[in-house]
Every structure is written in structure tokens, then in C-alpha cells.
Amino acid sequence: MDAPDDGAHHTIRVDRRHNGPPHSANGGYACGLVATRASRHLNADGDLAVQLHAPPPLGTGLRLTRAGRRFHLWHGGELVATATPRASVTDTVGSVPPAVAEHAMRDYAGHRHHPFPTCFVCGPDHRDGLRLTPGPVPGPENRVACVWTPSAATCDGTGTVAEELVWAALDCPGGWALGPMRDPLLLARMAARVRILPRVGETVVVVGRGVPGIGRLRSCATALFRRDGTELARATATWVRPTAPAATSHDTKAGSS
């Protein structure tokens with residue numbers, strides 16, 4: 001819940017249920033929470049990008065402050081995230097038919113082993129998570145896909161899904177498209193454009209595409225579609241391979257996943 005906004009800063013809190021690893025927030029959810037709060041105060045023509053500097057903690061007050069055209073999220077004196085305006089998110093991934101996405105879900109790597117089985121977005125053991133299970137789509141593009149029917153728990157109060165949860169749904173599929181069984185990866189930066197919020201109870205298709213990287217960096221594009229192929233939202237993300245795996249890192253897809 002947000003504290004009252006005084007125009008200079010306010011406080012947000014990530015509920016413990018919105019975890020990625022057990023003790024820190026899901027990266028996409030945290031990025032979406034910062035972006036949606038910051039966008040209320042910025043008249044940006046484009047989209048917002050959020051850079052994660054540290055694992056976003058759970059269940060504690062985080063201070064969101066404005067510095068010109070940027071917003072910073074702080075945990076005490078530690079900088080957790082920065083939101084900045086950017087040009088529109090133009091990179092995207094093509095839709096796949098719902099039947100193809102449903103078939104891909106059978107081969108979701110997280111069914112066999114998951115680095116964080118209680119991840120709010122893609123963990124099979126989270127009691128009330130989104131339960132996304134993106135599996136590989138045949139073809140040369142390193143794509144994964146799944147279907148998702150948002151429950152009443154995702155509602156923003158108007159019958160549509162809360163925007164930060166759309167960011168969350170756009171996050172993990174991109175990570176799984178990058179081949180996390182080969183390399184441990186950390187979400188470092190995410191930008192999203194949400195055109196239309198999906199309706200609660202509406203079955204949508206989530207698609208992710210990984211892009212081969214150089215060195216420690218990897219990138220991906222994800223998108224959310226209606227069953228007829230209408231795009232609802234899109235995102236791009238940069239992931240980094242750490243010099244040493246960090247079990248408490250934000251939204252890590254470990255090499256053993």
C-alpha cells in the first residue's frame with residue numbers, strides 16, 4: 001500500500017507474496033511497481049525503463065524520490081532501482097496461436113527443476129502466484145510461450161489486471177527464453193509499454209524471445225496478446241550473467257533451472 005504522496009517522495013511496500021527468490025521481490029513486479037508510481041508524476045511521451053541496482057526487499061517501506069526526470073527507489077541508504085523516461089519500446093515478438101502456447105507449456109523447464117519454485121510469477125509451488133509456465137516454441141527464434149488467465153486476485157478494482165502485474169507477467173518468460181539452464185542470469189533493466197490492460201478472467205498468450213548476447217549481457221523481448229493476436233503489452237529487458245551466482249539476487253533464473 002502507498003503512503004500519501006507529498007509531491008517529493010512517498011513510500012511503497014512490496015508484499016511478501018510478490019517474491020521472486022524467497023527473500024526479495026520478483027524483478028518484473030518491482031519494476032512495474034516503480035514505473036506505475038513514477039508515471040503518475042511524469043508527463044513522458046515515451047515509456048519508462050527501470051534499472052535494478054539491488055534485490056528489492058519484501059515487506060518493508062521503500063522510499064520513492066524524484067530527482068528531475070528520474071525516480072529513485074531507496075531502502076534506507078541503499079539505492080534499489082531507478083526509473084527514467086525512454087523512447088518507446090519498439091522491439092517486440094510475434095504472437096503464437098493459443099493452441100501452440102498451450103502445447104509449449106507441457107515442456108516448461110520449471111516443471112523439471114526450478115531455481116525458485118515459489119516465485120510469484122513462474123514458480124509451480126507458489127500458493128497464489130500467476131503460475132506462468134512458458135515452454136519452448138518450435139522454430140529458430142528462441143521463443144517460449146504460455147497462456148494465462150488472470151484471476152480475481154490480479155484485479156485493479158476496475159475489472160482489469162493491475163499494471164504492475166502485467167509487468168510481472170512480461171518478466172519471467174523472457175528469462176526462460178534466454179536458456180537459464182546454461183547460465184545464471186539476473187534481471188538488470190526492464191522497459192514496458194502497456195497498451196491495453198487485460199481483463200480479469202480473459203485468457204491471454206504470453207510470448208518471450210531471447211536474443212544471443214556478447215559477454216555477460218543478454219536481452220529479450222516479451223509480449224502479451226489476446227487470443228486473436230491483438231497485442232496488449234510489450235517489454236524489453238537486459239539480463240546479466242553475474243561473476244558468481246547470487247542466491248538472493250532479484251529475479252534470478254539459475255543455471256540449474
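All values below come from the heavy atoms of this structure, side chains included, with hydrogens, waters and symmetry mates left out.
- Thr92 and Glu231 share a donor-acceptor pair across their side chains, judged by distance under 3.5 Å alone.
- Taking both residues in full, the closest heavy atoms of Phe116 and Pro22 are given as CD2-CD, 3.7 Å, listed atom of the first, atom of the second, then distance.
- Between Trp176 and His114, a ring centre-to-centre spacing shorter than 6.0 Å is recorded.
- Residue Arg70 places its CZ atom among 12 or fewer non-hydrogen atoms of other residues, nucleotides or ligands, all under 6.0 Å distant.
- Using a 4.5 Å heavy-atom cutoff, the side chains of Arg63 and Leu73 are not in contact.
- The pair Arg86-Asp47 does not meet the salt-bridge criterion, since no charged nitrogen lies less than 4.0 angstrom from a carboxylate oxygen.
- Looking at Arg227, its side chain never comes within 3.5 Å of a backbone N or O of Pro97 through a donor-acceptor pair.
- Looking at Trp74 and Thr65, their side chains do bring a donor and an acceptor atom within 3.5 Å of each other.
- Applying the 6.0 Å contact sphere to CZ of Arg127 captures no more than 12 heavy atoms from other residues, nucleotides or ligands.
- Closest heavy-atom contact between Thr149 and Gly201: CG2-O, 3.5 Å.
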Take Arg234 and Asp91 through the salt bridge (charged side-chain N to carboxylate O under 4.0 Å, His left out) test and state the conclusion after the steps.
CA-CA 8 Å; Arg234 63 173 65 177; Asp91 193 15; over 6 Å; no
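- One side chain, His72 or Thr82, offers a donor N or O that lies under 3.5 Å from an acceptor on the other.
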